[in-house]
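What follows is one structure encoded as structure tokens, with my remarks underneath.
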Number of protein chains: 2
Amino acid sequence: MPTSDPAPDTEPAAQMPFAAPRPRSGKVRGSVMRDVAKLAGVSHQTVSRVINDHPNVRAETRERVLAAMRSLNYRRNLAARTLATRESRTLGIIGFETTLFGPESMLYGIESAARAAGYLVSVATVRELAHQPVLEAVDRLAQHDVDGIIAISPKPAVTNALTHAPTGLPCVAVGGAGSGADPFPTVRVDNATGARLATQHLLDLGHATVHHAAGPPDWPEAQARVDGWRDTLYAAGAVVPPVTPGWWDAAAGYEQGRRLAADPAVTAIFCANDRIALGVLRALHEAGRRVPQDVSVVGFDDMPDSGYFHPPLTTMHQDFGELGRRALSLLLNHMSQVDGNTPPSHVLVVPEVILRSSTAPTR
Amino acid sequence: MPTSDPAPDTEPAAQMPFAAPRPRSGKVRGSVMRDVAKLAGVSHQTVSRVINDHPNVRAETRERVLAAMRSLNYRRNLAARTLATRESRTLGIIGFETTLFGPESMLYGIESAARAAGYLVSVATVRELAHQPVLEAVDRLAQHDVDGIIAISPKPAVTNALTHAPTGLPCVAVGGAGSGADPFPTVRVDNATGARLATQHLLDLGHATVHHAAGPPDWPEAQARVDGWRDTLYAAGAVVPPVTPGWWDAAAGYEQGRRLAADPAVTAIFCANDRIALGVLRALHEAGRRVPQDVSVVGFDDMPDSGYFHPPLTTMHQDFGELGRRALSLLLNHMSQVDGNTPPSHVLVVPEVILRSSTAPTR
DNA sequence: CAGAAACTTGTTACCGTTAACAAACAGACC
DNA sequence: GGTCTGTTTGTTAACGGTAACAAGTTTCTG
């Protein structure tokens with residue numbers, strides 16, 4: 001539709017020695033702000049104002065600019081914007097390079113919330129949750145001008161590295177377990193309480209004590225679950241069986257399960273996560289111990305398919321997507337506070353028991 | 001360490017009306033190229049040359065510049081580089097917003113390979129694998145100047161949208177199933193062959209025919225598995241049982257399993273993935289059908305824990321991480337070809353049978 | 001040893017956007 | 001009517017790099 005006559009190009013016609021505006025390297029170029037401005041008969045700054053919703057633009061002018069933008073299919077160049085504003089509208093996620101269920105679910109929660117807030121997320125995974133690799137990941141993200149960082153399910157080494165990172169980027173940690181006095185905001189699952197609930201559930205069913213199939217001892221989450229379990233047993237005056245170090249997967253659970261299945265005194269097992277529980281169930285079955293008739297088993301995480309284990313698993317539910325979303329909101333909040341000295345918020349989410357068929361009263 | 005005397009600042013001392021170099025908004029600024037140049041006593045262009053490994057820099061000069069960079073802890077600003085070169089060294093991943101095992105494993109494969117190649121990856125997930133959401137995702141990635149895009153496990157709607165995206169970004173697709181004549185490179189699993197191998201394995205064990213617990217019919221991967229299964233039965237002259245639509249999780253598998261368990265003629269089931277198999281196993285067990293004595297079950301994917309199912313699952317192995325790596329290498333290759341008209345490469349990976357305990361000969 | 005070729009280095013323009021300032025124009029008030 | 005605010009718009013200068021060209025050095029030739 002014809003709007004108004006485009007203003008004449010006000011640039012000086014002749015340039016320096018070399019004149020022709022030769023194209024730079026490769027790639028098709030879309031239209032830029034200047035093109036829109038020319039078509040709408042305004043200055044590029046006015047176009048910028050329209051894009052950024054500045055209040056002082058006449059309604060009629062705004063319409064004209066918007067029309068021009070549409071007709072040219074204009075898209076603002078974020079690199080230029082980033083350069084000018086030092087704000088990239090990109091967030092960095094530091095994750096652990098493996099296929100653990102929790103971290104991945106969080107990623108999606110974070111991403112969709114970030115999208116809603118107008119941010120893109122970039123991921124930097126580390127092969128090992130140690131100081132040096134994390135510093136490198138932060139560095140990589142910082143070079144790409146991320147506005148903030150979320151560290152997923154970190155061990156202390158990670159939060160340490162984050163605090164000491166040279167870049168002054170806002171960070172939040174989600175998952176893991178912490179002192180409660182971390183220098184930046186955290187969103188955490190109350191693993192100790194979760195473990196307490198699980199253990200108490202088993203005690204309430206009449207079991208004399210509860211054994212534990214633990215996760216990796218150097219993961220705070222695993223350690224907190226051990227602590228909660230042990231505390232509950234102490235409080236109940238029950239015997240505290242020994243714990244052996246494990247890992248997060250079914251293979252490790254199977255190893256632990258074989259050990260436990262061999263001991264006829266074992267009637268209840270609290271597993272550090274559902275995958276471990278799967279391995280434990282397998283070992284119990286192979287040993288001829290029936291679940292839940294002979295042994296009760298509780299997991300942790302409530303993975304999507306744990307209701308279809310053999311038998312369906314009683315477990316502690318965690319909403320990882322929700323954790324991710326809350327972490328993001330904390331980060332955005334943190335970012336908007338212009339380096340105020342407000343103390344970091346700490347969100348703690350308590351998991352809940354999901355009763356299924358892997359637990360039963362003792363006879 | 002003292003190197004050489006810094007050259008005098010060659011800039012004109014007096015500027016226009018306002019003089020003082022007032023700082024812009026927020027955030028701490030690191031040193032920039034000019035600072036390094038001044039400290040090393042060279043021009044900023046020379047610093048640029050050093051960073052970009054240009055050959056024509058005197059060794060002594062290079063050393064001086066590198067020392068200056070180190071002492072200032074210099075980090076190049078990628079936004080500025082992107083603006084000047086139109087190359088961001090960032091790749092975009094389009095994924096499906098859910099917790100499917102395959103896609104996530106691919107993400108890690110891609111990310112680590114991308115890191116090695118000097119790229120950062122940004123993810124854009126879509127809630128639904130349809131035309132419009134995918135276009136939006138592409139748009140978001142394009143705005144952030146990604147250099148290329150990998151679409152994970154797409155349905156035809158995705159590849160279609162990708163082909164019609166207005167941006168001329170290089171794309172590759174990984175996963176899914178395609179015509180073999182897609183307009184861009186693909187890395188795919190040979191689902192049909194995998195299904196054939198699985199089905200043949202069951203036929204070879206003496207089963208009269210093989211039933212199928214299918215995935216979602218609008219996913220090409222699921223469809224290809226149906227096709228491979230059906231073809232094998234035809235070729236063997238076996239009866240082809242009906243197929244009902246499903247989904248990728250254990251709940252859907254359970255539904256299908258209940259139907260199949262009720263039919264005494266069913267002695268062998270090929271499941272579209274391991275999670276479905278888990279549900280099927282559950283349903284069979286509840287119906288009192290023993291696996292593998294009464295019914296043999298085969299899965300697809302070889303998820304990390306499927307060896308601990310009840311019983312350990314015979315399944316088709318896929319290396320998702322490897323798929324991701326190969327997709328990345330295809331993308332980089334594609335990007336380096338200056339819009340040549342070379343036909344797109346298509347990689348096809350054949351999954352292999354992993355024998356475990358869920359299959360047995362008929363008696 | 002002169003001239004050419006190759007190697008180094010510096011200068012200037014430009015990538016596309018936002019920030020800061022200035023100017024033009026309107027309405028309000030005395 | 002003139003000054004005084006406030007709104008709207010334009011002009012110029014960054015932001016921090018790379019590209020293109022020019023110019024000054026060497027080093028190689030014959």
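Side-chain atoms are counted along with the backbone in the values below, which use heavy atoms only and exclude waters and symmetry mates. It should be emphasised that the depicted structure is a prediction, and the values quoted were computed from it without experimental measurement. Here is how names work: the chains are called A, B, and so on, in the same order as the sequence lines, proteins then strands, and each is numbered from 1.
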ask   = If you draw a 6.0 Å radius around CZ in B:R326, do more than 12 non-hydrogen atoms from other residues or ligands fall strictly inside?
value = no
ask   = Is any side-chain nitrogen or oxygen of B:R76 closer than 4.0 Å to OP1 or OP2 of D:dT18?
value = yes
Rounded distance (Å) that lies between atom P of C:dG10 and atom CG of B:N56 = 14 Å
query = Picking from C:dT17, D:dT9, C:dC15, which would you name as closest to the side chain of A:N77?
reply = C:dT17
query = Any chance the side chains of A:D147 and A:S88 put a donor and an acceptor closer than 3.5 Å?
reply = yes
inquiry  = Check this for me: A:R81, atom CZ, are more than 12 non-hydrogen atoms of other residues, nucleotides or ligands nearer than 6.0 Å?
reply    = yes
message = Less than 4.5 Å apart, side chain to side chain, heavy atoms only: is that true for B:L120 and A:L141?
response = yes
inquiry  = Heavy atoms only, 4.0 Å cut-off, all strands: where does A:S43 land among base, sugar-phosphate and nothing?
reply    = base
key: The single option from B:L91, B:L328, B:L330 passing side chain to side chain contact (heavy atoms under 4.5 Å, CB included) against B:I150   = B:L328
remark   = Whole-Å distance, A:D53 CG to C:dT18 C1', equals 15 Å
Proximal nucleotide (of D:dT9, C:dA13, C:dT18) relative to the A:V57 side chain = D:dT9
inquiry  = Can you measure B:R81 atom CZ to C:dC15 atom C1' for me and round it to whole angstrom units?
reply    = 13 Å
ask   = Just to confirm, is there a sub-4.0 Å distance from OP1 or OP2 of D:dT9 to any side-chain nitrogen or oxygen of A:T61?
value = yes
query = C:dT17 C1' sits how many Å from B:D145 CG, rounded?
reply = 12 Å
ask   = For the pair made of CG in A:D35 and C1' in C:dT17, what is the distance, rounded to whole Å?
value = 13 Å
inquiry  = Below the 4.0 Å mark, does C:dC15 have OP1 or OP2 next to a side-chain nitrogen or oxygen of B:T82?
reply    = no
Gap between atoms CG and C1', on B:L78 and C:dC15 respectively (whole Å) = 15 Å
Closest listed nucleotide, where the reference is the side chain of B:N52 and the choices are C:dT17, D:dT18, C:dG10 = D:dT18
query = B:M33 has a side chain; which of D:dT18, C:dG16, C:dA19 sits nearest to it?
reply = D:dT18
note = Double-helix bend of the helix from C:dC1-D:dG30 to C:dC30-D:dG1, axes at both ends from 5 pairs, round to 10°, gives 40°
Candidate nucleotides C:dT17, C:dT8, D:dG10, ranked by approach to the side chain of A:R49 - the nearest = D:dG10
ask   = Could you state the interatomic distance from CZ (B:R140) to OG1 (B:T125), rounded to the nearest 0.5 Å?
value = 7.0 Å
ask   = Nearest heavy-atom pair of A:L39 and A:S71: which atoms, and what distance?
value = CD2-OG, 3.3 Å
inquiry  = Return whichever of B:H54 or B:A80 has its heavy-atom-nearest nucleotide of DNA chain D closer to the 5' end.
reply    = B:A80
task = Starting at OH of A:Y74, measure out to CD1 of A:I51 and round the result to the nearest 0.5 Å.
result = 4.0 Å
query = B:Q45 side chain: which of C:dG16, C:dG10, C:dT18 is closest?
reply = C:dG10
ask   = So what does B:R75 touch, heavy atoms closer than 4.0 Å: a base, only the sugar-phosphate, or nothing?
value = sugar-phosphate
request  = Give the nucleotide from the list D:dT8, C:dA20, C:dT18 with an atom nearest to the side chain of A:R58.
outcome  = D:dT8
inquiry  = Just the rounded figure in Å: distance from C1' of C:dT8 to CZ of B:R64.
reply    = 12 Å
query = Under 4.0 Å between a side-chain N/O of B:S48 and OP1 or OP2 of D:dA19, yes or no?
reply = no
query = Roughly how many Å is it from CZ in A:R34 to C1' in C:dT17, rounded to a whole number?
reply = 11 Å
A:L83, nearest nucleotide to its side chain (from C:dT9, D:dG16, C:dT18) = D:dG16
